[in-house]
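Encoded as structure tokens, the structure appears first; notes follow it.
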Amino acid sequence: MAGKPVIVSTSPGFGKHGRVPDLIAERGWEFITCADPDKPDGGLSEHIARADALVVGLVPVTPETLAQGGRLRAVVKHGVGVDNIDIPACTGAGLPVCNTPAANADAVAELAVGLMFSLARWIPQGHASVTAGGWDRRIGTQLGGKTLGIVGLGNIGKRLAKLARGLGMQVVATDKYPDEAFAAEHGVRFLPLEALLAQSDYISLHVFGGADNAALINEATLAQIKHGAKLINLARGEVVDLDAVAKALESGQLGGAAIDAYVSEPPDTSHPVFSHPNAVFTPHSGADTREALENVGLMVIESLDAVLAGETPPRMLNADALAAR
């Protein structure tokens, strides 16, 4: 390869945490971050033609992206969810696609617990009351003895299940590929989604985005939940129909909601859900801990090292891509 490799990233967090900046500098890469919020693609179109590898944040990777990236040798997700990457198009172009499974599982699971406490004990509302000069002492509930329903028992869901069991919660789950051994070891019961919704006091979403899970939580499914249950979405924005959530909060069918991911980011806060007093919002920060961002970054570098050395990268999701070269 002539010249130093050019690594282009649409993830604002890649290359900034722990040992990762020093490792990038040691390798002598030309490193470009395309995360300009004023540009629809963060500025990716201005640099993709020179990129030897693309590190992906939330900007979609489409066939049009690949057509502009004539030098690309790999597409690496800075995270787990690859629903914004057109993997068949990458495969057809002979480009390996890699991600970083489990690297941020602890961070996301811990935020889920934090959001459960926020909903159970009215923590954001209490803070707002005191700082405004008030003294609104709301009566909350304890988490011990309650039932947590985990929709998607992957790496994050499993970590959350362990934490919840440690708090004395009952845990039920639904998953496309149920890990019965894990469930038996940790006291988790698998249920169909409808039964999980009906039995859970808290429902935490940890599924991939994309068409298969679009509006998984909608008016019909919210009608099935236990009256007053609380919903947590740390998955993808499209998994939840916010119109239906707003209506369910207003009727009391949904006792609270904590949302971390949105269809468009930042979201349009004129939507009625954002003014409901029983809702809590965070800025897609489930994986935003120093530890998780370093772990994810180290895994990305491992994949980039392999690709640039002409080797098969670890955690490759499309083995057929190499045959297409």
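Quick caveat, the model's predicted, so the values are computed rather than measured.
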Quick one: [atom1] on [X] to [atom2] on [Y], what's the gap to the nearest 0.5 Å?
X      : Y      : atom1 : atom2 : answer
Thr147 : Leu196 : OG1   : CG    : 9.5 Å
Tyr202 : Leu160 : OH    : CG    : 12.5 Å
Lys146 : Met169 : NZ    : CE    : 8.0 Å
Ser118 : Lys230 : OG    : NZ    : 12.0 Å
Arg73  : Leu304 : CZ    : CG    : 10.5 Å

Any side-chain to backbone donor/acceptor pair from [X] onto [Y]? Under 3.5 Å, distance only.
X      : Y      : result
Thr282 : His284 : no
His276 : Asn278 : yes
Gln253 : Gly228 : no
Ser129 : Gln125 : no
Glu265 : Tyr262 : yes
Ser200 : Leu197 : no
Asp260 : Ser285 : yes
Thr221 : Leu216 : yes

| said: side-chain contact (heavy atoms from CB on, under 4.5 Å), that's the test. Do Val76 and Leu54 meet it? Break it down for me. | reply: CA-CA 6 Å; Val76 183; Leu54 175 60; over 6 Å; no
Pairs satisfying salt bridge (charged side-chain N to carboxylate O under 4.0 Å, His left out), at least one member in [range], at least two apart:
range            : value
residues 194-222 : Asp201-Lys226
residues 302-313 : Arg27-Asp305, Glu302-Arg315
residues 86-104  : none

Beyond-backbone contact of [X] with [Y], side-chain heavy atoms, under 4.5 angstrom:
X      : Y      : result
Leu205 : Ile232 : no
Pro101 : Met299 : yes
Ile32  : Ser9   : no
Leu231 : Leu254 : yes
Pro314 : Ser303 : yes
Ser204 : Leu148 : yes
Ile85  : Val82  : yes
Ile48  : Leu72  : yes

| field | Asp52 with Arg71: basic N within carboxylate O range, under 4.0 Å | value | yes
Can you run down the side chain to side chain donor-acceptor pair (under 3.5 Å) pairs that involve [range], sequence neighbours left out, and say none if there aren't any?
range            : result
residues 237-247 : Asp243-His271
residues 100-115 : Asp106-Arg159
residues 162-185 : Lys158-Asp179

Single-linkage hydrophobic cluster [X]~[Y], side-chain heavy atoms < 4.5 angstrom:
X      : Y      : result
Leu115 : Val108 : yes
Val75  : Val8   : yes
Leu58  : Leu317 : no
Ile203 : Phe281 : yes
Leu234 : Leu143 : yes

| query | Please walk me through it: do Glu294 and Arg19 pass side-chain contact (heavy atoms from CB on, under 4.5 Å)? | reply | CA-CA 7 Å; Glu294 180 180 34; Arg19 292 166 284 166; 2.9 Å; yes
| message | Applying side-chain contact (heavy atoms from CB on, under 4.5 Å) to Asn213 and Arg236, what does each step give before you reach the verdict? | response | CA-CA 9 Å; Asn213 290 319; Arg236 286 288 186 264; over 6 Å; no
| task | Return the set of residues passing ring-ring contact (aromatic ring centres under 6.0 Å, His included) with His78 (not counting sequence neighbours), or none when no residue passes. | result | Phe14
| query | By ring-ring contact (aromatic ring centres under 6.0 Å, His included), which residues pair with Phe117, not counting sequence neighbours? | reply | none
| field | Ala107 to Ala287 - nearest heavy-atom pair and separation | value | CB-CA, 4.2 Å
| So which heavy atom on Cys90 is nearest to which on Leu66, and how close? |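 Distance-wise, the nearest heavy atoms are N-CD1, 3.6 Å.
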| task | Would you please name every residue forming a salt bridge (Lys or Arg N to Asp or Glu O under 4.0 Å) with Arg50, sequence neighbours left out? | result | Glu30
| said: For the residue pair Thr62 / Glu64, report whether a side-chain donor-acceptor contact shorter than 3.5 Å exists. | reply: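 A donor-acceptor contact under 3.5 Å links the two side chains.
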Compile the donor-acceptor pairs under 3.5 Å between side chains in residues 130-140 and protein atoms, sequence neighbours left out, one pair per line.
unit_1: Thr131; atom_1: OG1; unit_2: His127; atom_2: O; d: 3.0
unit_1: Thr131; atom_1: OG1; unit_2: Ala128; atom_2: O; d: 3.2
unit_1: Asp136; atom_1: OD2; unit_2: Arg138; atom_2: NE; d: 3.3

| task | Please name all residues satisfying side chain to side chain contact (heavy atoms under 4.5 Å, CB included) with Val59, sequence neighbours left out, ordered by chain then number. | result | Thr10, Asp41, Leu44
| said: Determine whether Val61 and Lys77 satisfy the following criterion, side-chain contact (heavy atoms from CB on, under 4.5 Å), listing intermediate values before the conclusion. | reply: CA-CA 10 Å; Val61 177; Lys77 181 62 184 278; over 6 Å; no
| Greater than 12 external heavy atoms within 6.0 Å of Gln142's CD |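 Not buried by this count: 12 neighbours or fewer within 6.0 Å.
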| task | Could you work out the complete set of other residues in the hydrophobic cluster of Phe208, with links drawn between I, L, V, M, F, W and Y side chains under 4.5 Å apart? | result | Val80
